[in-house]
Amino acid sequence: MDLKGKNCLVTGGSRGIGKSIALTLSKLGANVAITYSRSADAANEVVKDMEGNGVKGMALQADATDFSKAEEVVSTVVEKWGSLEVLVNNAGITQDNLILRMSEENWDAVITTNLKSVFNYSKAVTKPMMRARGGSIINIGSVVGISGNAGQSNYSASKAGLIGFTKSFAKELSSRNIRANVVAPGYILTEMTEKLDEKVLNAIKQETPLGRAGEPEEVSNVVAFLASDLSSYITGEVIRVDGGMAM
Ligand code: NDP
């Protein structure tokens, strides 16, 4: 797979799956800009590692919930690198609780970070991608956006919303050769899932036909395919990377 000549933007690229996506895209020859909210040191390390792959890297501090900041980030990338061909909406959080105990703050924080952010960045890249006569947007969903999950009504709603958004976006922008797809991971080993207790983790593994958790690279390989021209006839699709969990 070859991504040479593509300029990419990955939101939340300082840690976990986003970091893995940024490194994978850069290994395949793409220039990659990442955003982060708090982890400046980690983000700068990712940039160094990407530059070690012989491509351009950039880290920008930007809260993904901030609508005008998204436009600023996209403008910066386009001004510096000339174009933007790939957007990966990866930034996301969990604030789990049963509905009886879930606060309005829990609901708003997760919906705004995981769903509004996708609107913010997808809207911001639309014009540059139209100018580039094409582009690929990859939104990181979750299997719980397909199946639901007790204790994650806010998170599941955000990820289900992301699927509806992606399909609508794909229908609106296909005539401009802009594709949009969802990658829906199951249980992947990152700091986000470190928070889960042993019992929950074991139950998840038992429910997974492949019998194990996934690695971030197993998600980023699929993202790289969707970013590449090898997937040129795929749009509006949801690809699960979940060891068969939501089959
Ligand atoms: P991590 O918690 O390991 O990393 C989250 C990343 O998102 C960090 O880079 C963080 O930046 C960034 N981020 C969080 N909030 C914001 C914000 N407001 N603005 C900008 N950046 C932000 O999570 P994962 O890598 O596990 O998850 C990445 C994506 O994958 C999420 O969308 C998640 O929902 C999804 N996913 C994960 C699964 C898993 O099992 N791990 C399963 C299914 C989906 P900073 O370092 O600055 O805080």
Side-chain angles (χ1 to χ4, degrees), residues 9-24 32-47 59-70 72-74 87-96 108-121 124 137-149 152 154-163 165-166 182-196 200-201 203-205 207-208 210 212-220 222-223 238-243 245-246:
L9 172 61
V10 181
T11 66
S14 51
R15 297 184 285 112
I17 294 172
K19 172 181 175 178
S20 172
I21 292 169
L23 293 177
T24 300
V32 185
I34 60 169
T35 67
Y36 62 93
S37 58
R38 285 162 301 163
S39 311
D41 291 348
N44 290 329
E45 278 302 309
V46 175
V47 170
L60 299 162
Q61 198 283 330
D63 186 331
T65 65
D66 186 333
F67 179 77
S68 44
K69 192 80 187 173
E72 219 179 276
V73 165
V74 170
L87 166 68
V88 185
N89 281 307
N90 164 80
I93 57 168
T94 52
Q95 288 192 10
D96 298 350
D108 287 345
V110 170
I111 297 291
T112 311
T113 308
N114 297 5
L115 185 55
K116 183 183 177 225
S117 64
V118 174
F119 166 69
N120 293 346
Y121 280 83
I137 298 181
I138 300 117
N139 295 324
I140 307 301
S142 166
V143 284
V144 305
I146 300 167
S147 58
N149 196 22
Q152 289 197 307
N154 52 356
Y155 185 75
S156 305
S158 73
K159 298 299 189 179
L162 179 148
I163 293 174
F165 176 82
T166 305
V182 174
V183 172
Y187 165 49
I188 310 294
L189 293 165
T190 67
E191 284 171 43
M192 182 179 273
T193 45
E194 260 175 18
K195 291 183 258 179
L196 300 177
V200 178
L201 293 187
I204 291 172
K205 281 184 195 166
E207 282 167 25
T208 305
L210 284 178
R212 63 174 177 86
E215 298 291 338
E217 293 67 33
E218 293 178 293
V219 177
S220 51
V222 179
V223 172
V238 180
I239 302 182
R240 289 184 294 106
V241 183
D242 66 347
M245 188 195 255

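When a ligand or atom number is given, it counts from 1 through the structure's own listing order.
Of all protein heavy atoms, the one closest to atom 19 (N) of ligand 1 is Ala64 N, 2.8 Å. Protein heavy atom at the shortest distance from atom 42 (C) of ligand 1 is Gly186 O, 2.8 Å. Scanning the protein heavy atoms around atom 40 (O) of ligand 1, the nearest turns out to be Ile188 N, 2.8 Å. Closest to atom 4 (O) of ligand 1 among all protein heavy atoms lies Arg15 NH1, 3.8 Å. Taking atom 18 (N) of ligand 1 as the reference point, the nearest protein heavy-atom neighbour is Asp63 OD1, 3.0 Å. Residue, atom and distance of the protein heavy atom nearest to atom 5 (C) of ligand 1 are Gly92 O, 4.0 Å. For atom 34 (O) of ligand 1, the closest non-hydrogen atom on the protein side is Tyr155 OH, 2.5 Å. Among all non-hydrogen protein atoms, the one lying nearest atom 45 (P) of ligand 1 is Ser39 OG, 3.3 Å.
Under the 30°/60° scheme for interplanar angles, the aromatic rings of Phe165 and Phe119 are found to stand perpendicular.
Near Ala62, meaning under 4.0 Å from one of its heavy atoms, ligand 1 places the atoms 19 (N), 20 (C).
Taking only non-hydrogen atoms, the option from Ala59, Gly12, Ser158 nearest to atom 7 (O) of ligand 1 is Gly12.
An N or O contact shorter than 3.5 Å links Ser14 to ligand 1 by distance.
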